[in-house]
Amino acid sequence: NVGIQKASMYHHFSSKSDLIRALFQRYSAMISGALDAIDIEEDRAGNRLLGYIREVRSLLEGGSSICLSIALGIEHESLEAEILDDLNAFHVMNVDWLEETFKLGQYDGSIANVGDPRAEARACLALIDGAQIMARSHKDAVMFDRATAQFCSRISSTAVN
């Protein structure tokens, strides 16, 4: 309970879907800002990818929470088309950012064995999302660490071409 009456919510949002959409748009903007900050702070692809993984891990709150995109994706049958569009745009944003990171990783050598950057990006997002689900289902963020450890072993922040 957050101490807000239903009537107050509907004063600002005409429906539950409008509220969910507003929350997700705010969440998406927050993640976009975090990706921009990682790009500014880190010049190596490996460090960027580790920053991404740390950012996602921070959302877990020890395993008691999960990324809003996963929570919505699980319930996609009950979502309005506009929310599904926002969810799709969120996934595209993440995959695009990851693809650029893997391209940089091919160039700077800080991510080992990079194949097709787009395929790498999709696989990475699937791994990260699955790792979150594992952590949430066990209520233990260490599960996220274990699930991402093998992937993280491909990352070197010091490699140069």
Side-chain angles (χ1 to χ4, degrees), residues 1-13 15-42 44-80 82-102 105 110-111 120-157:
N1 185 351
V2 294
I4 300 172
Q5 294 181 352
K6 236 183 216 185
S8 297
M9 298 280 283
Y10 285 113
H11 175 72
H12 296 286
F13 302 99
S15 69
K16 183 178 174 182
S17 289
D18 288 345
L19 172 62
I20 291 169
R21 187 162 191 221
L23 287 171
F24 188 67
Q25 287 174 341
R26 184 174 182 177
Y27 176 80
S28 185
M30 179 192 76
I31 297 299
S32 178
L35 297 180
D36 290 344
I38 291 169
D39 284 344
I40 291 167
E41 293 168 10
E42 304 293 350
R44 315 284 305 151
N47 289 340
R48 288 179 182 182
L49 202 47
L50 290 173
Y52 181 81
I53 292 167
R54 278 190 303 273
E55 180 67 28
V56 172
R57 191 186 191 286
S58 74
L59 301 171
L60 295 174
E61 298 178 9
S64 65
S65 190
I66 198 164
C67 174
L68 186 54
S69 69
I70 295 172
L72 291 176
I74 290 169
E75 296 296 325
H76 74 276
E77 298 91 6
S78 63
L79 298 176
E80 301 286 331
E82 294 85 7
I83 298 171
L84 292 173
D85 290 344
D86 291 343
L87 187 58
N88 184 53
F90 179 81
H91 289 137
V92 168
M93 173 188 69
N94 277 266
V95 169
D96 288 349
W97 186 88
L98 287 164
E99 179 181 14
E100 290 305 311
T101 300
F102 280 105
S110 63
I111 304 171
E120 293 273 10
R122 289 180 179 131
C124 180
L125 184 59
L127 171 69
I128 297 297
D129 284 358
Q132 289 182 74
I133 292 168
M134 289 283 296
R136 176 68 174 106
S137 67
H138 292 273
K139 294 188 187 296
D140 185 356
V142 172
M143 297 301 289
F144 178 89
D145 301 333
R146 289 179 183 159
T148 58
Q150 181 65 33
F151 179 77
C152 288
S153 72
R154 294 176 53 198
I155 300 171
S156 165
S157 60

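Side chains are part of it too, since the values below use all heavy atoms of this structure and drop only hydrogens, waters and symmetry mates. Worth saying up front: this structure is predicted, and the values here are computed from it rather than measured.
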According to side-chain contact (heavy atoms from CB on, under 4.5 Å), who are the partners of Ala45, at least two apart in sequence or on a separate chain? Thr101, Leu104, Asp108, Ser110, Ile111

Set of salt bridge (Lys or Arg N to Asp or Glu O under 4.0 Å) partners for Arg54, sequence neighbours left out: none

Ignoring hydrogens, what is the shortest heavy-atom contact between Ile128 and Phe144? Give both atom names and the distance. O-CE1, 3.8 Å

Output all residues satisfying side-chain hydrogen bond (donor to acceptor under 3.5 Å, both in side chains) with Tyr27, sequence neighbours left out; order by chain, then residue number. none

Check side-chain hydrogen bond (donor to acceptor under 3.5 Å, both in side chains) between Asp129 and all other residues, then give those that pass, not counting sequence neighbours. Gln132

Taking side-chain hydrogen bond (donor to acceptor under 3.5 Å, both in side chains) as the definition, give me every residue that meets it alongside Glu61, ordered by chain and number, with sequence neighbours left out. none

Measuring from atom CZ of Phe24 to atom CD1 of Ile83, what distance do you get when rounded to the nearest 0.5 angstrom? 9.5 Å

Separation of Asn94 CG from Leu125 CG (nearest 0.5 Å): 5.5 Å

Expected list for residues 29-41: side-chain donor-acceptor pairs under 3.5 angstrom, two or more places apart:
residue: Asp39; atom: OD1; partner: Trp97; partner atom: NE1; Å: 3.0
residue: Asp39; atom: OD2; partner: Trp97; partner atom: NE1; Å: 3.1

Between OG1 of Thr148 and CD1 of Ile53, what distance do you get to the nearest 0.5 Å? 5.5 Å

What residues, two or more places apart in sequence or in another chain, satisfy side-chain contact (heavy atoms from CB on, under 4.5 Å) together with Ser28? Phe90, Met93

Say you draw a straight line from OG of Ser69 to CG of Asp86; how long is it, rounded to the nearest 0.5 Å? 12.0 Å

Output a table of donor-acceptor pairs, distance under 3.5 Å, between side-chain atoms of residues 134-143 and any protein atom two or more places apart or on a different chain; print 'none' if there are none.
residue: Ser137; atom: OG; partner: Ile133; partner atom: O; Å: 3.2
residue: Ser137; atom: OG; partner: Met134; partner atom: O; Å: 3.0
residue: Asp140; atom: OD1; partner: Val142; partner atom: N; Å: 3.0

Give the minimum heavy-atom separation between Leu87 and Leu72, together with the two atoms involved. CD2-C, 4.3 Å

Rounded to the nearest 0.5 Å, how far apart are CG of Leu98 and CZ of Arg48? 12.0 Å

In Å, rounded to the nearest 0.5 Å, how long is the span from CG of Leu23 to CG of Leu19? 4.5 Å

Set of residues satisfying salt bridge (Lys or Arg N to Asp or Glu O under 4.0 Å) with respect to Asp85, sequence neighbours excluded: none

Taking only residues two or more places apart in sequence, or in another chain, which ones meet Glu100 in a salt bridge (Lys or Arg N to Asp or Glu O under 4.0 Å)? Lys103

Apply side chain to side chain contact (heavy atoms under 4.5 Å, CB included) to residues Leu49 and Cys124 and explain how you reach the verdict. CA-CA 10 Å; Leu49 202 47; Cys124 180; 4.0 Å; yes

